[in-house]
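Structure record follows, encoded as structure tokens.
Reminder, nothing fancy here: chain letters follow the sequence lines and each chain counts from 1.
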2 protein chains.
Amino acid sequence: MSPPSTLTQIDIYKLRKVCSVCSLRELCLPAGLDQRELAQIDQLVNRRQPVKRGDYLFRAGIELRSLYAIRTGFMKSCVLHEDGREQVAGFHMMGDLMGLDAISSNRHICDAVALEDSEVCEIPLSELEALSREIPSLQQHFHRIMSREIVRDYGVMLLLGSMKAEERLAAFLLNLSQRFAARGYSATEFNLRMTREEIGSYLGLKLETISRALSRFQEDGLIAVRNKRIKLTDIPALRALIGHQACGG
Amino acid sequence: MSPPSTLTQIDIYKLRKVCSVCSLRELCLPAGLDQRELAQIDQLVNRRQPVKRGDYLFRAGIELRSLYAIRTGFMKSCVLHEDGREQVAGFHMMGDLMGLDAISSNRHICDAVALEDSEVCEIPLSELEALSREIPSLQQHFHRIMSREIVRDYGVMLLLGSMKAEERLAAFLLNLSQRFAARGYSATEFNLRMTREEIGSYLGLKLETISRALSRFQEDGLIAVRNKRIKLTDIPALRALIGHQACGG
DNA sequence: CGCATGGTTTGATCCATGTCAAAACCAGTG
DNA sequence: CACTGGTTTTGACATGGATCAAACCATGCG
């Protein structure tokens with residue numbers, strides 16, 4: 001049928017370009033490109049873009065120009081309601097791809113805000129699409145990334161729809177832990193880049209509830225918090241919290 | 001760069017095949033194919049598949065074989081928690097594409113259950129991917145569909161995270177209404193194919209709360225319910241309900 | 001350094017929704 | 001038709017989390 005098109009030199013160049021642009025392990029599975037080459041092309045090509053703490057990477061309603069891969073830093077995305085209510089839809093860190101929601105209508109439907117000074121790289125959608133037409137493994141990988149976002153969203157629904165406050169928080173902390181670990185950082189000790197209010201918004205709770213739950217976890221010896229600094233001291237117990245709350249009934 | 005590849009006869013044949021398989025307007029934007037041809041190829045090719053009420057189309061954990069487009073009928077998808085809790089993640093009707101969550105890991109992460117006798121058609125992912133490499137507009141369309149699912153999910157998060165019971169229910173009813181309307185059915189009168197419990201699960205509420213809220217809407221003249229049959233008698237009021245609840249504070 | 005600002009903690013109280021229970025209803029079946 | 005099991009409604013009551021309020025703390029700035 002459709003033989004996997006052999007890659008031309010130009011294809012390979014373009015592939016390197018997209019991949020290197022963002023040091024996205026995310027998008028870089030496809031071909032085995034060597035590090036030095038990547039690094040070189042890196043400086044030539046890319047639309048790297050700094051985003052200062054508090055700045056918007058994009059806002060709901062504006063036209064989609066590119067997807068953005070986070071190189072460094074930490075961001076949140078927020079869905080808005082006409083009446084001003086806003087809901088944090090996710091927290092994003094190094095390697096995450098943002099803007100997928102905008103493909104649907106060519107307009108962003110959420111805000112993306114940097115929670116600390118960050119650096120992103122732009123990936124023009126049309127270029128990515130063109131390239132992924134030529135390189136099946138890139139195509140597949142892109143699809144997986146979108147699908148992974150859907151899976152994540154389902155997880156959040158489960159959390160919001162059927163867990164209670166402390167379960168939600170435990171799940172949240174474990175999720176952060178895991179993601180930091182996957183990026184080579186400590187799984188047990190990290191900074192909460194976001195405020196209690198933002199955590200609350202994400203978890204469908206009020207900031208006071210977050211604060212109280214954190215205090216409780218600390219009393220119970222599950223964590224140690226001091227301001228934004230947090231240390232997970234009993235991960236198994238946190239895990240146990242998630243499932244067993246509702247088992248009595 | 002990469003010129004939009006001209007379509008061979010075979011391409012066009014395959015495109016027709018995928019599109020016709022499911023009478024998916026969803027996937028059929030790309031080329032202007034005439035109705036009769038579609039209908040003909042329809043019978044030749046397709047993996048149409050009936051799903052009886054109560055049957056699983058797929059279950060969490062099993063391997064991804066295909067995506068499924070709903071031809072007729074009504075389904076729900078449920079995310080599960082180890083401890084048995086289950087959460088309805090969505091309701092799906094004619095034209096919707098199911099199974100996108102499984103692309104990420106090659107395994108389904110939710111159950112899909114028919115809420116009435118339905119008919120789906122299988123779309124092998126690999127075929128769809130192959131074809132979309134050859135036909136840019138199909139590729140783009142597929143991306144939009146995935147993105148649309150993400151957008152939907154963000155909407156659900158907003159709903160679960162920051163709306164209260166009656167707002168959620170109003171939003172739910174209006175959403176259903178809109179989707180029926182988009183498919184040529186009445187926007188104001190339809191059957192709720194799911195139980196109160198399933199609505200509750202989807203909305204993060206208990207069935208009693210759903211029941212009470214429906215009764216209240218009826219008292220207030222917003223709707224008329226009789227068992228599963230529902231009629232939206234004051235859509236503007238329902239709409240108003242969604243935003244204005246929290247405006248006092 | 002001290003002040004201002006925004007974030008956090010903690011307490012007291014209230015309310016929306018959950019829980020438990022019973023009765024009514026309905027759809028399908030023998 | 002009557003019986004059965006599942007669904008829905010409604011009521012009474014309990015409770016988790018929201019709300020309101022005040023004090024505390026950290027950070028940044030003049």
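Taking atom NZ of A/Lys228 as the reference point, atom C1' of C/dG6 lies 10 Å away to the nearest angstrom. Straight-line distance from the CD1 atom of B/Ile199 to the C1' atom of D/dT9: 14 Å, rounded to whole Å. Distance CD (B/Glu166) to C1' (C/dA16): 10 Å, rounded to an integer number of Å. The CD atom of A/Glu198 sits 14 Å away from the C1' atom of C/dT8 (whole-angstrom rounding). We find that NZ of B/Lys164 is positioned 16 Å from C1' of C/dG18, with the value rounded to whole Å. Regarding A/Arg226, its CZ atom lies at a distance of 15 Å from the P atom of D/dC24, rounded to whole Å. As a whole-Å value, the separation of A/Leu192 CG from C/dT9 C1' is 15 Å. Rounded to whole angstrom, the span from the CG atom of B/Leu115 across to the C1' atom of D/dG6 amounts to 15 Å.
In this structure, A/Asp111 and A/Ala60 approach most closely via the heavy-atom pair OD1-N, 2.7 Å. Of all heavy-atom pairs spanning B/Ala170 and B/Leu241, the tightest one is CB-CD1, 4.1 Å. Between A/Cys78 and A/Glu86, the shortest heavy-atom distance links the atoms SG-OE2, 3.5 Å.
Here the nucleotide nearest the side chain of B/Thr195, chosen from D/dT8, C/dA16, C/dT8, is D/dT8. Among the nucleotides D/dA26, D/dA18, C/dC26, the one closest to the side chain of A/Lys206 is D/dA18.
Within the 4.0 Å cut-off from OP1 or OP2 of C/dT8, at least one side-chain nitrogen or oxygen of A/Arg196 is found.
Ring centers of A/Phe91 and A/Tyr202: under 6.0 Å apart, within the cut-off.
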Can you check side chain to side chain contact (heavy atoms under 4.5 Å, CB included) on B/His81 and A/Leu158, steps first, answer last?
CA-CA 8 Å; B/His81 208 150; A/Leu158 187 57; 4.1 Å; yes

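Using a 4.0 Å heavy-atom criterion, one finds that B/Gly204 contacts the sugar-phosphate atoms exclusively. In this structure, A/Arg168 reaches neither bases nor backbone, as no heavy-atom distance under 4.0 Å exists between it and the strands shown.
Contacts with DNA chain D (heavy atom under 4.0 Å) in residues 207-216 of chain A: A/Glu208, A/Thr209, A/Arg212, listed by number.
When the shell of 6.0 Å around CZ of B/Phe180 is examined, it contains more than 12 heavy atoms from other residues, nucleotides or ligands.
Contact check on B/Asp96 versus B/Arg183 returns a salt bridge, with a Lys/Arg side-chain nitrogen under 4.0 Å from an Asp/Glu carboxylate oxygen.
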